[in-house]
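For the single chain, residues carry numbers from 1 onward in sequence order. Everything quoted here is computed from the prediction, not taken from an experiment. Computation of the quantities below employed the complete heavy-atom set of this structure, encompassing side-chain atoms and omitting hydrogens, waters and symmetry-equivalent molecules.
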Amino acid sequence: MSATTAPSTDSASGGNNKFSVGVQKFGTFLSGMIMPNIPALIAWGLFTAFFIEKGWTPNASLSELVGPTIHYLMPLLIANTAGRMVYKERGGVVATVATMGVIVGSDYIVDQFNAALPEGASELGQVHMFIGAMIMAPIAAWLMKQLDKLWDGKIRAGFEMLVNLFSAGIFSFIMAIAGFYLLAPVVNGLMTALGNAVGWLINNGLLPLTSILIEPAKVFFLNNAINHGVLTPLGTQMASVDGKSILFLLEANPGPGLGILLAFSVFGVGMARASAPGAAIIHFLGGIHEIYFPYVLMKPALLLAVIAGGMSGVFTNMIFDSGLRAPAAPGSIIAVLLQTASDSYLGVILSVVISATVTFVIAAVILRASRKRDLEALERGEDGMSAAVAKTQRNKGKDSAALSSLAGQAAAGSLRDEVADPNREISSVVFACDAGMGSSAMGASVMRKKVKDAGITGVSVTNAAIANLDSSADLIITQEELTPRARQRRPDAIHVSVGQFMNSPKYDEVVNLLKQRQDGELAPAPAAAEPEASPYAPGEGADALAPAAAPAAATATAPTTPAADPDVLTLESITTAPTATTRDEAIREAGERLVARGSVTPDYVDAMFAREAEVSTFMGSFLAIPHGTNDAKQAVVASGLSVARYPQPIDWDGNEVRFVIGIAGKDGGHLEILAKIAQIFADQSQVDRLLAAQTDEELYELLSGVND
């Protein structure tokens, strides 16, 4: 965000965080090109395993599949996938044709080089254009997208198909020639340099040192750029010549993760120990490596254990000259063994066992050394598992089914014990956020419906600002970043952390436990209490817990702010053609529309940025609801909403956002409307209708019920 328009979100570590986020996004994009095509690589590995001369069932005719598959099919599949990621089907076609130019250009260079060699000299082999496809495809698709914008809406009726088909065909022709003459030489040189570097590391016995980079990179989700950008292309090149590659095992070896989880199973405490055996099965057999990352983040010293384990595994494979035929994806021991070259089973199995053992021993020493402190923390009610899972999800930049499941286990352990306590009354569930007026209100609405649908009685579900939490709150739900503040405010309450308020899987866990408590399945429940009235009376500002009567008309405090419209949502405050392309631009647009309609003064826009710096306002279901901080109440003139539906997803801290709803709340009058919005976005069919709306009027018609 601009330093002149909004408070900076950079802290002392902000630069590093932005760098890591940038690497994550780049790695995720590379992964998006490669991962969908891994089945084709697996098929190629099977062609190699069965049909080549040294294969299980040699077949000279079928072995002809091996070369063309890796040399032509794989780069073209990657190109089509990358092109579609950038510009759908049209981008896929252009990217594929352009990449064909790079492949043929590379072959031409190799042929020319070999033709100039003296008789008897070693010839240069084909260079497989994985990296060429990963460079050319997104560039070609993006340029096609920009070209189409030049004549969008300017083509005479009846000529659209002619222009669209010929423009893509002509541009594909141009990009293929550019790939042939410009990109192919560059990629050939790059692949040669990288191959020589890897060869030097192997020849000098230094390849195990790569674990110093790779193992920490995995834990912080920075490995995709290394794995899919370098290791997979180079490993495939090596495997096409040697029939196997050690590079496929540098990142995929499940041994280090297994060693960590076994160590926690034996020497851990609390939920980390209880959840580690199940996580070990998911990691080792399911191949979901990210499930062990939170355990390492709980104790960063464990990075030494995984680095040592990774290095020992690489060293073992070097001794036995073992490798895989193709990438093992996911990194399950099953996938690893299926891709193991026929002469490499002993080395590969030993590399997994030895790396797991080394990691286990070092991790055990570290865990034993801190066990006393960990037990004391556990007695104080401090179990770091939930925080570690939350940090891992932030590192990844988006929710993960495996991590969410692990988070649910971590939260459910202490939650189940507390809910099952018959002496602990739970009659009030409170969603808390900084201002108590936006995200928490929507989360409370979703939970309120779940509680009602489950037939649970005697439990009220409300929302509040963290600063307004008092003794009436029995169970408090907050976003992970805000849980420490809420716990400090109400240390005696039950606390549940969620990643986002709209569709957290933890809601069902809470509802199920409350339902079991009510039905007597957990413990004898006390007599159901009648729902208490909200402890926050109307008129306490933006943090009011329940909606008051229709807010009184307000006048602007700044001369530049027009009078507010009595409807919270108006047609003028909705747009299906916003101009923002980034999160910060979208926040500013939302704030400026609130200013234009008279709901807030310009100061409120800066407060929206300050709120986003504290915790993301991403809600799930393609929705973000930026709003001001609790200190910005004086900048709110009247309750109001602004709605923007974006044609392309906005990157919101690693999450895709299509709807940005700016919120300003006066005296709690907007909360009922937020509840209605929450119900809309919790229903996927309604979200689909909102996405399909063609005009501002149609979008307003779908949302106008919030004014009723």
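- Residue I663 holds its CD1 atom at 4.0 Å from CD1 of I625, rounded to the nearest 0.5 Å.
- In this structure the side chain of Q146 reaches within 4.5 angstrom of the side chain of K149, judged on heavy atoms.
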(message) Evaluate R448 against V451 for side chain to side chain contact (heavy atoms under 4.5 Å, CB included), listing each step before the verdict.
(response) CA-CA 5 Å; R448 195 177 297 117; V451 168; 5.9 Å; no
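- The line from CG of L641 to CG of L594 is 7.5 Å long, rounded to the nearest 0.5 Å.
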(message) Please determine whether side chain to side chain contact (heavy atoms under 4.5 Å, CB included) holds for the pair I587 and H627, giving the CA-CA distance in whole Å, both sets of side-chain angles, and the decisive distance to 0.1 Å.
(response) CA-CA 9 Å; I587 293 173; H627 54 280; over 6 Å; no
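- Crowding of E160 atom CD: a count of heavy atoms from other residues, nucleotides or ligands under 6.0 Å exceeding 12.
- With hydrogens and angles ignored, the 3.5 Å screen pairs no side-chain donor or acceptor of R490 with any backbone N or O of I476.
- The backbone N or O of V657 sits nowhere less than 3.5 Å from a side-chain atom of Y646 that would complete a donor-acceptor pair.
- Between the side chain of N463 and the main chain of F431, no donor-acceptor pair closer than 3.5 Å is present.
- Defined by atom type and a distance below 3.5 Å, a donor-acceptor pair is present between the side-chain atoms of T576 and D696.
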(request) Test V511 against M447 for side chain to side chain contact (heavy atoms under 4.5 Å, CB included), laying out the working first. (result) CA-CA 8 Å; V511 170; M447 174 63 85; 3.5 Å; yes
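- Taking all atoms of both residues into account, the shortest heavy-atom contact from G628 to Y604 is N-OH, 2.9 Å.
- In this structure, R658 contributes its side chain and F622 its backbone to no donor-acceptor pair below 3.5 Å.
- Note that CG of L702 and CD of Q686 are 8.0 Å apart. Values are rounded to the nearest 0.5 Å.
- When all heavy atoms of G591 and V600 are compared, the pair lying nearest together is O-CG2, 4.4 Å.
- The backbone N or O of T478 sits nowhere less than 3.5 Å from a side-chain atom of H495 that would complete a donor-acceptor pair.
- Residues passing the side-chain contact (heavy atoms from CB on, under 4.5 Å) test with D651 are K25, sequence neighbours excluded.
- V643 approaches L703 most closely through the heavy-atom pair CG1-CD1, 4.0 Å.
- With rounding to the nearest 0.5 angstrom, the CD1 atom of I494 is 3.5 Å from the CD1 atom of I426.
- One distance of note links CD1 of I155 with CG of N164; it measures 5.5 Å at 0.5 Å rounding.
- With hydrogens and angles disregarded, no donor-acceptor distance shorter than 3.5 Å links the side chain of K145 to the backbone of Y87.
- Sparse packing is recorded around CD of E701, with 12 or fewer heavy atoms of other residues, nucleotides or ligands lying under 6.0 Å away.
- Using a distance-only test at 3.5 Å, with no hydrogens or angles considered, no donor-acceptor pair links the side chain of R593 to the main chain of S642.
- Nearest heavy-atom pair across V595 and T601 is CG2-O, 3.9 Å.
- Listed for the E572 side chain is no donor-acceptor partner under 3.5 Å among the backbone atoms of R597.
- Taking all atoms of both residues into account, the shortest heavy-atom contact from F618 to E656 is CE1-O, 3.8 Å.
- Atom CG of L623 is separated from atom CZ of F681 by 5.0 Å, given to the nearest 0.5 angstrom.
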(message) Test side chain to side chain contact (heavy atoms under 4.5 Å, CB included) on M144 and D148; report intermediate values, then the result.
(response) CA-CA 6 Å; M144 187 72 252; D148 282 349; 3.2 Å; yes
Show me the donor-acceptor pairs within less than 3.5 Å that the side chains of residues 687-694 make with the rest of the protein, sequence neighbours left out.
residue, atom, partner, partner atom, Å
D688, OD1, Q684, NE2, 2.9
Q694, NE2, A692, O, 2.9

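- Residue pairs meeting the salt bridge (Lys or Arg N to Asp or Glu O under 4.0 Å) criterion with at least one partner in residues 452-469, sequence neighbours excluded, are K449-D453.
- A donor and an acceptor atom, one from each side chain of S472 and D470, are located under 3.5 Å apart.
- The shortest non-hydrogen separation linking L699 to R645 is CD2-CB, 3.8 Å.
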